[in-house]
Amino acid sequence: MSNFDSNDRKYLLELGKQYPSRDAAAAEIIRLNGLLNLPKGTEHFMSDIHGEWEAFSHIRRNASGVIRNKVRQLFDSEINESEQAELASLIYYPSEKLDAAKDREEDISLWYAITIDRLLKVCRLVGSKYTREVVREHLHEGAGEFVYVIEELLSDGDDEKKSLYCESLVKAAVRIGAAEDIIKGICKAIKSLVIDHLHIVGDIFDRGPRADKILDELMKERSIDIQWGNHDALWMGAAAGSRVCIATVLNNSITYKNIDVIEIGYGISLRPLALFAEEVYGGCDISAFSPKGESGGNFYGGADDTLVAQMHKAISIIQFKLEGQAIMRNPGFMMNERLILGQIDKKRSTVSIGGKEYALRDSSFPTLDENNPYELTEEEHAVMEYLRVAFMRSERLNRQIRFIFDKGGMYKIYNNNLLYHGCIPMDEDGEFLSLPAAEGKSGRALMDHCDKMARVGYFARVGSEERQAGKDFLWFLWCGKDSPLCARKKIATFERLLIEDKDSWVEPKNAYYKSWDDERIAVKILKEFGLPDIGSHIINGHLPVHKGENPIKANGRILVIDGGFCKAYHDSTGIGGYTLIYNADGMRLQAHEPFFDRADAIKNNADIVSETIIFEHKADKMRIRETYRGSEIRERIADLMLLMQEYENGSIK
């Protein structure tokens, strides 16, 4: 009998159920050893999507230009640039492009045959670093009943008999009307195979119109992780029933007229808020609350901006009241300077902030009691109670938020890279900052505490003190002083709305951003999270990279990949932002031009023009054995070797 404790033996017995003989274990060891020597899969990093569903969808479909590069690699000497663009666009949008081809092509049968042949070449290329088993898994997800046919076509070689066999398969598919299904299956397999793992480094929500559609797409990914951003934390709190998070979510959405995501996406009617706003603020000055931009859907049959502004004013005052309540409930947040409503002088139309008095754009606040400024009126309370229940009962919202909890966290360590959205809070001396809001924790312990509190806020028993504390903490992550997701001393929502003096609008950043060009600070952070000095990087989102700014910080230790999807940033950034590709050949940043129109991308093969910045090139291709997955495979091989020994010495039958 081998010298194992009872737990080891139980584990080997369970493993034996999967591999019930010595030969079965040996075969799996051989397979796993082969996997270790395959090239590393491609990782795709995206950040700060901000509800811009069309731009996100296109960049995910074209894999930040990877698919277009593969098409060029294969066909540069065979077909012209226009035909390459058409083929790439077909891979991105197969259904729409097939409809266009049927209207355009004189001999659609010939077009089907040529197109299938070209797509198969692309699929073979992107699938060449995977085993047949893995390719089959990708095909099963998109090819339906045609998996066998596509597998046979992919195995076509130089053998004349095999080629004739495959040619007959294509002709039969065209003849019986199955060519389109095969084309769609191959296109989906290409998009799936070209990216092995997707990283979303925060801020899926807000500003853009349809974060719900983005999450629908993310939930279909085979392999994904999410690092929470401050906008995500806000929606997580709203789904948990936090009234202050709900009010802030609605303020953000109404500001940009992005109501579709609330009403259509999540089925939450804003009619009670609209009726309340129209009744209470119908005769008030609302000029400071006019909406921004033209995005979003209809407001109750196409109401004009007057109702939008009334709703904006109503929810803003409610938000400021609820913020005050959250601050007073949590003295550890150290945010008493944000108790602004109590500093308003309605008669003089001024407010005192930080010891300085500012003139207000608007002081007509009929629901504000100067003696009790943070108390909701009965009507405001009724509106918020309705909204609290509606957010908590939205099945689609909560399904998506549970996905964000399941796949997400405050940070991720993956293949020697540390991913987080905002910052690791630091003081002016470059030391990790202890936050009273997080029991005085700092560095990695702070991030772990934040992760725990966020989950308590959503999953703890409804009505418990723990859940309320967690909900408040989710709001703190959104806008709290030195929050690792917000990464600022304050968010000046009140000032930007109601004060003309732009000096009051300043939102000082955490000292982390003063040090992130210092390689020593970056190495210090990496060590804090247990990563080696050599070959490790920090992948950072949150802040757009402005014109003339280098996204590569700290001598290559920190890569800033704010995706720049939000249209509001395009003037200051000059581009559509950055994404990151990490494959067997190394790392490269992709600088994207803004994406404007999905219809143009489909009709005219318009693509996002991307400039590649080769950040780190590997002389020899990186193999799976060098990745975290390789470590897991080696552990599995060691376990299987033990199982083989137990079979051989008769300890396990």
Side-chain angles (χ1 to χ4, degrees), residues 2 4-5 7-45 124-141 151 189 192-199 221-226 406-407 409 411-419 526 529-532 534-537 539 580-587 616 618-648 651-652:
S2 298
F4 293 121
D5 64 27
N7 288 331
D8 289 336
R9 184 163 181 77
K10 285 178 182 177
Y11 169 70
L12 287 177
L13 288 170
E14 286 299 316
L15 193 61
K17 292 178 182 178
Q18 290 180 261
Y19 307 99
S21 69
R22 180 196 178 282
D23 288 350
E28 181 64 3
I29 290 170
I30 294 169
R31 187 185 76 84
L32 292 175
N33 272 286
L35 285 179
L36 287 173
N37 289 292
L38 288 174
K40 170 194 175 300
T42 299
E43 299 172 53
H44 192 191
F45 300 76
R124 288 189 197 105
L125 178 62
V126 299
S128 60
K129 62 182 176 182
Y130 297 104
T131 64
R132 288 187 179 183
E133 178 186 8
V134 172
V135 173
R136 188 179 300 116
E137 288 175 7
H138 286 264
L139 286 172
H140 267 286
E141 293 180 9
E151 274 193 276
S192 180
L193 284 163
V194 80
I195 298 298
D196 189 61
H197 187 86
L198 178 63
H199 304 280
E221 292 288 340
R222 297 180 73 256
S223 185
I224 183 173
D225 59 64
I226 299 169
D406 183 38
K407 298 296 183 181
Y411 65 91
K412 181 76 174 179
I413 299 170
Y414 197 95
N415 286 340
N416 280 350
N417 292 317
L418 173 61
L419 289 63
L526 290 165
F529 286 82
L531 288 166
I534 307 300
S536 298
H537 311 91
I539 315 297
L580 178 68
I581 292 291
Y582 181 26
N583 60 20
D585 295 315
M587 283 184 164
E616 191 172 271
K618 303 233 178 240
D620 298 319
K621 284 187 180 294
M622 191 174 181
R623 304 290 169 177
I624 288 176
R625 63 174 178 266
E626 301 171 66
T627 67
Y628 281 10
R629 187 183 173 207
S631 299
E632 293 171 352
I633 290 173
R634 283 193 292 273
E635 288 181 12
R636 186 72 165 181
I637 290 171
D639 293 340
L640 288 165
M641 292 292 291
L642 289 175
L643 180 63
M644 275 186 62
Q645 291 174 18
E646 294 299 285
Y647 282 134
E648 289 170 354
S651 297
I652 294 179

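Just so we're clear, the structure is a prediction, and the values are computed from it rather than from any experiment.
Residues passing the side-chain contact (heavy atoms from CB on, under 4.5 Å) test with P20 are A24, sequence neighbours excluded. Considering only residues two or more places apart in sequence or on other chains, Y628 meets the ring-ring contact (aromatic ring centres under 6.0 Å, His included) condition with none of them. Looking at residues two or more places apart in sequence or on another chain, you find a side-chain contact (heavy atoms from CB on, under 4.5 Å) between I29 and N33, I637, L640, M641, M644. T131 is linked by a side-chain hydrogen bond (donor to acceptor under 3.5 Å, both in side chains) to nothing, counting only residues two or more places apart in sequence or in another chain. For H537, the side-chain hydrogen bond (donor to acceptor under 3.5 Å, both in side chains) partners are N417, E616, not counting sequence neighbours. Remark: D639 pairs with Y11, L15 by the side-chain contact (heavy atoms from CB on, under 4.5 Å) rule, at least two apart or across chains. Every residue meeting the ring-ring contact (aromatic ring centres under 6.0 Å, His included) condition with F45, not counting sequence neighbours, appears here in chain and number order: H199. When the side-chain contact (heavy atoms from CB on, under 4.5 Å) test is applied to R623, the partners found at least two apart in sequence or on another chain are P39, K621, R625, E626. Residues that satisfy the salt bridge (Lys or Arg N to Asp or Glu O under 4.0 Å) test with E221, not counting sequence neighbours, are R60. Legend: residues meeting side-chain hydrogen bond (donor to acceptor under 3.5 Å, both in side chains) with K129, ordered by chain and number and at least two apart, are T42. Take Y647 and apply the side-chain hydrogen bond (donor to acceptor under 3.5 Å, both in side chains) test, not counting sequence neighbours, and it matches no residue.
Here L32 contributes atom CG and E635 contributes atom CD; the two are 12.0 Å apart, rounded to the nearest 0.5 Å. The structure places CG of D225 at 11.5 Å from CD1 of I413, a figure rounded to the nearest 0.5 Å. Atom CG of residue N416 and atom CG of residue L526 lie 9.5 Å apart, to the nearest 0.5 angstrom. For the atom pair OH of Y19 and CG of L643, the computed distance is 9.5 Å after rounding to the nearest 0.5 Å. Taking CG of L418 as the reference point, atom OG of S536 lies at 9.0 Å (rounded to 0.5 Å). If you take CG on L419 and CG on N415, they are separated by 10.0 Å, rounding to the nearest 0.5 Å.
Residue D620 places its CG atom among 12 or fewer non-hydrogen atoms of other residues, nucleotides or ligands, all under 6.0 Å distant.
Using a 4.5 Å heavy-atom cutoff, the side chains of E646 and L642 are not in contact. The closest side-chain heavy-atom distance from H44 to I581 is below 4.5 Å.
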### Message
Would R132 and E151 count as a side-chain contact (heavy atoms from CB on, under 4.5 Å) here? Give the steps.
### Response
CA-CA 9 Å; R132 288 187 179 183; E151 274 193 276; 5.8 Å; no

### Query
For K412 and I539, what are the C-alpha separation, side-chain angles and deciding distance, and is it a side-chain contact (heavy atoms from CB on, under 4.5 Å)?
CA-CA 10 Å; K412 181 76 174 179; I539 315 297; over 6 Å; no

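Screening residues 15-43 for salt bridge (charged side-chain N to carboxylate O under 4.0 Å, His left out), with sequence neighbours left out, gives E14-K17, R22-E648, E28-R31, R31-E133, K40-E43.
Between I624 and T627, the shortest heavy-atom contact is O-OG1, 2.7 Å.
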